[in-house]
Amino acid sequence: MPLSWNEIRQRAIAFSKEWTGTKSENAEKQTFWNEFFDVFGLRRRLVATFEEPVKKFSGKYGYIDLFWPDKLLVEHKSFGKDLGKAESQAFRYIHDLAREGRSAEIPRYVIVSDFARIALYDLEPDEYQDLPEFAGRRVASLEFPLPDFHRHIHSFAFIPGYKQHKFEEQDPINLQAVEIMGRLHETLEAGGYSGHQLERFLVRILFCLFAEDTGIFERESFTLYLRDRTAEDGSDLGLHLARLFEVLNRPEDQRQTNLDETLATFRYVNGDLFAEALGFADFNSDMRNALLACTHFDWSRISPAIFGSLFQAVMDPKARRQIGGHYTSERDILKVIRSLFLDELRAEFERIKNSKAGLERFHQKLSRLRFLDPACGCGNFLVTTYRELRLLELEVLNLLHSRQRDLDLRRLSLMDVDAFYGIEISEWPVRIAEVAMWLMDHQMNLRLSEAFGQYFARLPLKKSPTIVCGNALRLEWKEILPPDQCSYVLGNPPFVGKQFANDEQKIDMKIACANIKGGGVLDYVSAWYLKAGEYIQATSITVGFVSTNSISQGEQVGILWNELFQRYHLKIHFAHRTFAWASEARGKAHVHVVIIGFGARDTDSKRIYDYNADTGEAHVTSARNISPYLIEGGDVVALSRSAPISPVPDIVFGNMPNDGGHLLLNDLEREELLKKEPVAAKFVRPFLGAQEFINGVRRWCLWLQNASPAEVRALPEVMKRVEAVRKHRIRSSRKTTRELAKSPMLFGEIRQPSEHYLLIPSVSSERRPYIPIGFEAPNVIASNLCLIIPKATDYHFGVLASAMHMAWVKQVCGRLKSDYRYSNSLVYNNFPWPETPTDNQHATVEAAAQSVLDTRKVFPGATLADLYDPLAMPPALVKAHAALDRAVDRCYRAQTFENDRQRVEYLFALYEKLTVPLLPSLRKGRRKPSQGGKR
């Protein structure tokens, strides 16, 4: 009885392991080829001979190493010899056979080998063109190292006599396959086959496609079943697939004895993947052709770690057009799992790898680990984690059992997919995650098979990952995986800003933040931190989440982390500072994220990862404590406060018109007004908002604060505008605005200084190296989109225009999209100014500040946007700012700050010193200000 392909594969693995690494001379080549034929269940001596003589052109005889007439010619060389020479010699023998009149014996296949490599040549009829007597033919070749023999056994189907089915060369799985599956999905859905049944159905199809290319199914069995057993018009395809799914769910010994022989070749899968009875899917010829087209891709070449993300797009046409939007690269997933547990496990492995008892204990430890991803999507994090742990387990097993034979691989591997738990809100990703875990398990079992020379596959499937379909923010995680059984929580919760949350997500946030003051400003991801903080109480669980960097900067830090520190007593164990979270989407912008690892316990080995913005390389430093701003520092947050913590002038917002635009004028409107009423010129003032200030836009306002009623009544055009303001305010739904209708001549809020003041735009691009600020005269009216500091001096300008202040801004400032949103209560009032600058340091800062202001005047036609564009900033201004940066830095300490992180660490140490008496009880682990920035 012929061997099945699984049996052949198992023999191929054993054969490769036995011969890999041999450097035997030609004396053993006959043993090599006898065992090679045994792989296929064929006795070599029955079909092929060694040392077949053939008369060469010179008249002398040559000897073919192995010859199977009309089928195969083998030329074998010693280890390390040139296979190119062996190939040339083999084809010369083919010439010689033809010249001897033995054309009928010319074989279709040629194999050359040196024990370490095998090269196969197919002299396909009508395609081989190199030899004159075989004009019009070509050679199809394949070369691989011996350990990969089992991966290519189907290319040797001619040896056991299996039929060679001609298929076009398979392409790697790619976006075209995704498009085909997507169109198939859309067509089925349009025909009324939708929802849960459609999702289950497509997952089964994906499994079958993968299974026949990775040895789970017999070679091409799924493809041939579709092609040969279903009608070309697709009318019976749904029926046949339903029958196939039923067979895959039934053990071989329980199947009918007269089952169709093609169906009988499919192995029992189980694992509940095929257990549910689905309705029949109706196909047509185009849909059948689309499914057959999917079989032309090589599904074995897709990593299960990205399998889910790639095919999540199948369910969403928009996502498919911009494929990759949700595809997290394995490189970035590894940043999480290495920091969370893998680096530590590998370090432990290195310490104990020479101890058998230590290895056995370590192996048991690996088997007890349990993982939860509460926002698992298609399972990328779980699948990658499983792969890395299985690879580590394989290293352990190699050290423990490499010299043993006849091992039971089922007992050898202690790790399985049931150690992994996930929560996902949509069913399609849930099903994909389950299948991806099984596929990764199969790939890892093949790696184990290669290592020990036995074929090992976990079929039927007996264990499954636990992936729950539901809203993770409303489920009890402890009911899915009890905390005392969980080792690690990890994942990538949704990147949804508060302004983009849908209605359901807003309800989630209300539930999660019910008792948190100011919780309404938090991004959606914050809810996972709060939920995890509750889940890990009184455990040794460590959590590692990827998040948008909004939770480590700006106003969200104080609200979220104050709650996490005070209520859940969390400690940050490691932090990856901001980096670009890679998306494979072509043309899609990167999302800037952080990775934060934390637990409800402290640890001595805290680490901070800083990334080079150009190369993406990480620099790792140890920290005694990590602050929520992801720098070395105490568990301290900057909370909104009404007055500065340092002895500096107060900062206030500018003037709010609240006028419906009727008191504001552009150049044309000003010109028309003054033509009609020139006397109104005394009431028209320059008006600056953030954009006007930065971009040099001219705008004006009617400033009637000191105008008498008679003066206003004498100006009919002005009176029209004042009346329009009154009507605008009286129609307002806000009581305070309606009250303002009583004084329609005036701005709604007036805070205009009577002296020169310093202006800070409330919003500025993050691209600029500095927020452009400047002094303005009291007749220039600042809008409420600016912040103003009356009584500010050149010294205050110098500090606020320095790298020191910008480092604080980048960390503490809120964001409008990605732009800085400067805040009086959060940024300015919390900023720690130099405590005791000397008179000389004070004067140096003032002089450097004036130099910056003077340098700006050298470019009178340039706006502040021009001057502070990072690509166009004048070298003279760059130089002036560098001098100002040095002067301000020295007001804080004599030691040079090497980078912004050192500046921020120093500033937070100083902030903690200044504010600790004002804050709630905080825990230990803080640094002295004088040590800030040291490594």
Side-chain angles (χ1 to χ4, degrees), residues 627 629 631-634 636-639 641-651 757-760 769-771 773-775 787-813 820 822-853 880-919 926-934:
S627 89
Y629 298 94
I631 56 173
E632 184 163 7
V636 177
V637 295
L639 300 171
R641 62 181 69 247
S642 58
I645 62 173
S646 298
V648 293
D650 287 338
I651 186 173
Y757 60 90
L758 187 59
L759 185 150
I760 302 175
Y770 305 90
I771 294 178
I773 64 176
F775 288 103
L787 295 106
I788 55 178
I789 308 175
K791 302 179 182 179
T793 66
D794 284 354
Y795 174 75
H796 299 123
F797 169 90
V799 174
L800 294 176
S802 71
M804 200 73 176
H805 182 248
M806 280 305 300
W808 180 260
V809 166
K810 292 173 185 176
Q811 202 67 60
V812 177
C813 197
Y820 299 125
Y822 199 90
S823 163
N824 57 346
S825 59
L826 192 62
V827 182
Y828 182 84
N829 288 345
N830 281 309
F831 179 62
W833 290 68
E835 288 188 284
T836 54
T838 65
D839 291 344
N840 182 57
Q841 289 171 336
H842 199 282
T844 302
V845 170
E846 288 183 323
Q850 189 59 53
S851 177
V852 168
L853 293 170
H881 266 285
L884 177 59
D885 293 342
R886 289 192 295 271
V888 173
D889 284 353
R890 287 173 185 148
C891 288
Y892 285 93
R893 72 179 191 190
Q895 181 186 353
T896 301
F897 292 101
E898 298 294 335
N899 50 48
D900 280 353
R901 177 177 154 190
Q902 289 187 7
R903 290 187 175 95
V904 173
E905 288 177 346
Y906 185 91
L907 287 171
F908 266 102
L910 183 55
Y911 171 82
E912 188 173 358
K913 174 186 174 183
L914 294 171
T915 60
V916 161
L918 309 176
L919 294 175
R926 307 184 182 99
R927 299 149 42 104
K928 296 179 181 179
S930 61
Q931 296 174 324
K934 292 185 179 180

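Quick note: numbers below take in every heavy atom, side chains included, and nothing from hydrogens, waters or symmetry partners. Since we're looking at a predicted model, the values are computed, not measured.
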- [ ] Under the side chain to side chain donor-acceptor pair (under 3.5 Å) rule, collect the residues that match up with Asp889, sequence neighbours excluded.
- [x]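 Side chain to side chain donor-acceptor pair (under 3.5 Å) check on Asp889 returns Arg903.
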TODO: Applying side chain to side chain donor-acceptor pair (under 3.5 Å), name anything that partners Tyr822, two or more places apart in sequence or on another chain.
DONE: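 In terms of side chain to side chain donor-acceptor pair (under 3.5 Å), with neighbours along the sequence ignored, Tyr822 is linked to His805.
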If every non-hydrogen atom of [X] is compared with every non-hydrogen atom of [Y], which pair is closest and at what distance?
{"X": "Val904", "Y": "Ala807", "value": "CG2-O, 3.3 Å"}
{"X": "Tyr892", "Y": "Pro832", "value": "OH-O, 2.8 Å"}
{"X": "Ile788", "Y": "Pro790", "value": "O-CD, 3.5 Å"}
{"X": "Gln841", "Y": "Cys891", "value": "CB-SG, 3.8 Å"}

Among residues at least two apart in sequence or on other chains, which ones pass ring-ring contact (aromatic ring centres under 6.0 Å, His included) with [X]?
{"X": "Tyr757", "value": "none"}
{"X": "His842", "value": "Tyr795"}
{"X": "Tyr629", "value": "Phe908"}

Open item on the list: Using the side-chain contact (heavy atoms from CB on, under 4.5 Å) criterion, which residues pair with Asn840? Sequence neighbours excluded.
Closed with: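 By the side-chain contact (heavy atoms from CB on, under 4.5 Å) rule, Asn840 matches Thr838, Thr844.
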TODO: Can you sort out the partners of Ala792 under side-chain contact (heavy atoms from CB on, under 4.5 Å), two or more places apart, ordered by chain and number?
DONE: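 Per chain and number, Ala792 pairs via side-chain contact (heavy atoms from CB on, under 4.5 Å) with Leu758, Phe775, Ile789, His796.
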Open item on the list: Does Phe831 form a side chain to side chain contact (heavy atoms under 4.5 Å, CB included) with Val648? I'd like the steps, not just the answer.
Closed with: CA-CA 10 Å; Phe831 179 62; Val648 293; over 6 Å; no
- [ ] Return the set of residues passing salt bridge (Lys or Arg N to Asp or Glu O under 4.0 Å) with Asp885 (not counting sequence neighbours), or none when no residue passes.
- [x]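 For Asp885, no residue satisfies salt bridge (Lys or Arg N to Asp or Glu O under 4.0 Å) once neighbours in sequence are set aside.
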Open item on the list: Going by the rule salt bridge (Lys or Arg N to Asp or Glu O under 4.0 Å), which residues pair with Asp650 if we only count those two or more places apart in sequence or in a different chain?
Closed with: none
Open item on the list: What I'd like to find out is whether the side chain of Val845 reaches to under 4.5 Å of the side chain of Leu884, using heavy atoms alone.
Closed with: yes
Task: Option passing side-chain contact (heavy atoms from CB on, under 4.5 Å) with Tyr911 (candidates Leu914, Leu907, Thr915) - done: Thr915
